[in-house]
Trainee: 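Quick one: the structure is below, and I'll ask about it shortly.
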Amino acid sequence: MPLMPGSTITLPLPARFDLTRAICSYGYFILAPNHWDTTTQRFHRPLRGNADRLIHVTLSQRPRSDLLKIACDTRVDRAERALLFTQLRRILRLDEPESRYRAWRKLHPEAARRGFGRVFRSPTFFEDIVKTMTSCNVTWPNTMRMNVLLTARVGNGAFPTPGELAGWSPEKLKASCRVGYRAERIVKLARDVVDGRLDLAPLEDMSRTTDDVFGDLLEIHGIGPYAAANICQLLGRYDRLPIDTETYRHFRQEHGVRHKADGSPRDLHGKIERHYKRYAPFQFLAYWFELWRAYERRVGDAWNWDAAKHGPTFTAANLKDAPNT
DNA sequence: GGTAGACCTGGACGC
DNA sequence: GCGTCCAGGTCTACC
């Protein structure tokens, strides 16, 4: 992505922050419109400025620097700089208190040594919900394709806003972006947000309990137990585990649980929750660190993953027979 | 409360 | 090239 002349701004970072680790920590970092350049180790994506105008940013950090460098492809004013900071703080989880991550590092020294803590997410809560919808009941390469098409055909190069998606019919979205039956759910979500029937702010309220938020998320059409738990972690609530078939596969391979000893899926579900309970309230981070390390042992460090080359390898068919060495 | 079947797509496979 | 099967999480109808 060529850099156009524009503003370069900086954002202070907490001690020990590592941009590479923070970005390359969750699969969404290779979903459009995110782009991680494995050669330069820089992160590109479009963000929204005044009146939702597009601003392409390139993020970089010098070794051991406590400043994030943000190169923009256009000049930004003070108001837009504040908008960019809000979105970037969310992506990098800089809006979460550092004390939480100190507690996490103390609880899990191995993760601390690897610099694993802040897990990548989207610049807006809405994008995280839609990305989660596109990751359900579908293989990972298909999730990647849906996000490419949503970005290209609805968002004109950026991830679509609720307003943009609300203007599409489910039929047109299905045909154009290959999202299948998710089209009706995505459009309904967008329209509910635009029309004020769904207020996302209470879901981001960290003074509420996770059980409360989880229950509200289940009220959203298209969000079931797995998606709600995943959205909880995206909201910074790590005490819920998004357990899916990939979790089952990983747990069986990583912990040597045999099929005969598994019992029913519900039994295995309970076993998984009991296993990670020791890391409360950071169960998700412990689980994800373990799963992410298993992926890296197979295909190399995440910061060298190229979307086109490595994306298609993350399918159950490819992973199920390979040992977690 | 539990369960079966439909939803939708793309890839794998057999012919 | 075509048809069939499969993986994936959620919803709905039914018991």
Side-chain angles (χ1 to χ4, degrees), chain A residues 26-28 30-32 122 126-154 165 168-193 197-198 203 211 213-235 240-253 259 262-270 272-273 284 287-288 291 294-295 298-299 307-322:
Chain A
Y26 192 66
Y28 288 7
I30 54 175
L31 294 183
S122 303
F126 177 78
E127 181 175 336
D128 271 340
I129 299 176
V130 176
K131 275 188 158 60
T132 297
M133 283 181 168
T134 65
S135 73
C136 287
N137 198 29
V138 75
T139 56
W140 183 248
N142 206 351
T143 298
M144 292 173 64
R145 186 176 303 108
M146 288 182 208
N147 279 273
V148 165
L149 293 173
L150 283 168
T151 296
R153 298 183 176 174
V154 186
L165 274 165
W168 282 57
S169 71
E171 295 75 21
K172 190 178 168 197
L173 191 70
K174 185 197 289 189
S176 190
C177 299
R178 316 303 293 167
V179 294
Y181 63 87
R182 298 165 198 80
E184 181 257 333
R185 300 170 184 186
I186 292 171
V187 169
K188 180 178 187 323
L189 171 74
R191 289 178 179 171
D192 283 351
V193 169
R197 287 187 295 273
L198 176 63
L203 297 169
D211 282 349
V213 172
F214 184 80
D216 282 357
L217 287 167
L218 291 177
E219 297 295 311
I220 298 174
H221 186 62
I223 300 296
Y226 163 77
N230 193 56
I231 292 169
C232 279
Q233 70 85 3
L234 290 163
L235 287 168
R240 282 268 177 177
L241 286 175
I243 295 176
D244 60 2
T245 53
E246 173 62 357
T247 316
Y248 292 157
R249 180 207 60 76
H250 167 77
F251 196 76
R252 284 179 173 130
Q253 291 185 352
H259 279 272
D262 289 349
S264 67
R266 188 176 301 171
D267 291 339
L268 185 55
H269 197 109
I272 292 168
E273 289 192 324
F284 170 78
Y287 157 61
W288 198 252
L291 183 64
Y295 289 159
R298 289 179 184 184
V299 296
K309 180 183 169 191
H310 293 91
T313 67
F314 292 98
T315 62
N318 283 337
L319 295 167
K320 69 180 178 186
D321 296 326

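By convention in this document, chain letters (A, B, ...) are assigned in the order of the sequence lines, proteins followed by strands, and residues within each chain are numbered from 1. Not measured: the values here are computed from a predicted model.
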Trainee: Do A:Gln233 and A:Tyr287 make a side-chain contact, defined as non-hydrogen atoms from C-beta onward lying under 4.5 Å apart?
Mentor: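 Not touching, per the 4.5 Å side-chain cut-off.
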Trainee: When the side chains of residues 173-182 of chain A are checked against the rest of the protein, which donor-acceptor pairs come out under 3.5 Å, sequence neighbours left out?
Mentor:
from, atom 1, to, atom 2, distance (Å)
A:Tyr181, OH, A:Asn137, ND2, 2.9
A:Arg182, NE, A:Cys136, O, 3.3
A:Arg182, NH1, A:Val179, O, 2.8
A:Arg182, NH2, A:Cys136, O, 3.1
A:Arg182, NH2, A:Asn137, O, 3.0

Trainee: With the side chain counted from C-beta on, respond yes when A:Ile220 and A:Asp192 share a heavy-atom pair under 4.5 Å apart, and no when they do not.
Mentor: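 Counting from C-beta outward, A:Ile220 and A:Asp192 never come under 4.5 Å.
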Trainee: Just to confirm, is there a sub-4.0 Å distance from OP1 or OP2 of C:dG9 to any side-chain nitrogen or oxygen of A:Thr245?
Mentor: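 Yes, A:Thr245 has a side-chain N/O under 4.0 Å of OP1/OP2 on C:dG9.
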Trainee: Below 4.5 Å, heavy atoms only, C-beta onward: do A:Leu234 and A:Thr132 meet side chain to side chain?
Mentor: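 SC-SC contact between A:Leu234 and A:Thr132 confirmed.
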Trainee: Once you round it to whole Å, what is the distance between P of B:dG10 and CG of A:Asn142?
Mentor: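 To the nearest whole Å, that distance equals 6 Å.
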Trainee: What nucleotide among C:dT10, B:dT9, B:dG11 has an atom nearest to a side-chain atom of A:Arg145?
Mentor: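 Nucleotide nearest to A:Arg145's side chain: B:dG11.
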Trainee: Can you find a pair of side-chain heavy atoms, one from A:Leu235 and one from A:Phe214, that are under 4.5 Å apart?
Mentor: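 Not in contact.
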Trainee: In whole angstrom, what separates A:Lys188's NZ from C:dC11's C1'?
Mentor: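 Going from NZ in A:Lys188 over to C1' in C:dC11 covers 13 Å.
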Trainee: Who pairs with A:Tyr226 by ring-ring contact (aromatic ring centres under 6.0 Å, His included), at least two apart in sequence or on another chain?
Mentor: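 So A:Tyr226 forms no ring-ring contact (aromatic ring centres under 6.0 Å, His included) with any residue.
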Trainee: Rounding to a whole Å, what distance do you find between A:Ile220:CD1 and C:dG9:P?
Mentor: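 To the nearest whole Å, that distance equals 19 Å.
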Trainee: If you take all heavy atoms of A:Glu246 and A:Tyr295, which pair is closest and at what distance?
Mentor: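 The pair with the smallest heavy-atom distance is OE2-OH, 2.5 Å.
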Trainee: Do A:Asn230 and A:Arg240 come within less than 4.5 Å of each other through their side chains, counting heavy atoms only?
Mentor: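 Answer no - side chains too far apart.
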Trainee: Contact list please: residues 223-233 of chain A against DNA chain C, heavy atoms, distance less than 4.0 Å, in numerical order.
Mentor: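 Contacting residues: A:Ile223, A:Gly224, A:Pro225, A:Tyr226, A:Ala227.
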Trainee: For the helix from B:dG1-C:dC15 to B:dC15-C:dG1, measure the angle between the helix axis at one end and the axis at the other, each built from five pairs, rounding to 10°.
Mentor: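 What I find for the helix from B:dG1-C:dC15 to B:dC15-C:dG1 is an axis angle of 40°.
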Trainee: For a side chain to side chain contact (heavy atoms under 4.5 Å, CB included) with A:Leu165, tell me which candidate from A:Val187, A:Leu189, A:Leu150 qualifies.
Mentor: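 It is A:Leu150; the other options fail the test.
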Trainee: Summarise how protein sits on nucleotides 1-7 of chain B as a single string, 5' to 3': B when a protein heavy atom is under 4.0 Å from the base, S for sugar-phosphate-only contact, - for no contact.
Mentor: -S----B
Trainee: Just N and O in the side chain of A:Arg249: are any of them under 4.0 Å from OP1 or OP2 of C:dG8?
Mentor: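 No, outside the criterion.
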Trainee: Please give, in whole Å, the distance from C:dT10 P to A:Ile243 CD1?
Mentor: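 For the pair A:Ile243 CD1 and C:dT10 P, the rounded distance is 12 Å.
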Trainee: Taking the side chain as every heavy atom from C-beta outward, state whether A:Tyr28 and A:Asp128 have any pair of such atoms under 4.5 Å apart.
Mentor: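 When only atoms from C-beta onward are counted, A:Asp128 and A:Tyr28 do touch, with a gap below 4.5 Å.
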Trainee: Looking only at heavy atoms, which two atoms of A:Leu218 and A:Ala228 are closest? And how far apart?
Mentor: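 Here A:Leu218 and A:Ala228 meet closest at CD2-CB, 3.8 Å.
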Trainee: May I ask you to decide if A:Thr143's main-chain N or O and A:Thr134's side chain share a donor-acceptor pair within less than 3.5 Å?
Mentor: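 No, the answer is negative, given that no donor and acceptor are paired below the 3.5 Å cut-off.
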Trainee: Is there a side-chain contact between A:Met133 and A:Ile223 in this structure, where contact means two heavy atoms from C-beta onward sitting under 4.5 Å apart?
Mentor: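 In short, these two side chains touch, coming nearer than 4.5 Å.
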Trainee: Identify each atom pair where a protein N or O and an N or O of nucleotides 12-15 of chain C are less than 3.5 Å apart, giving names and distance.
Mentor:
none

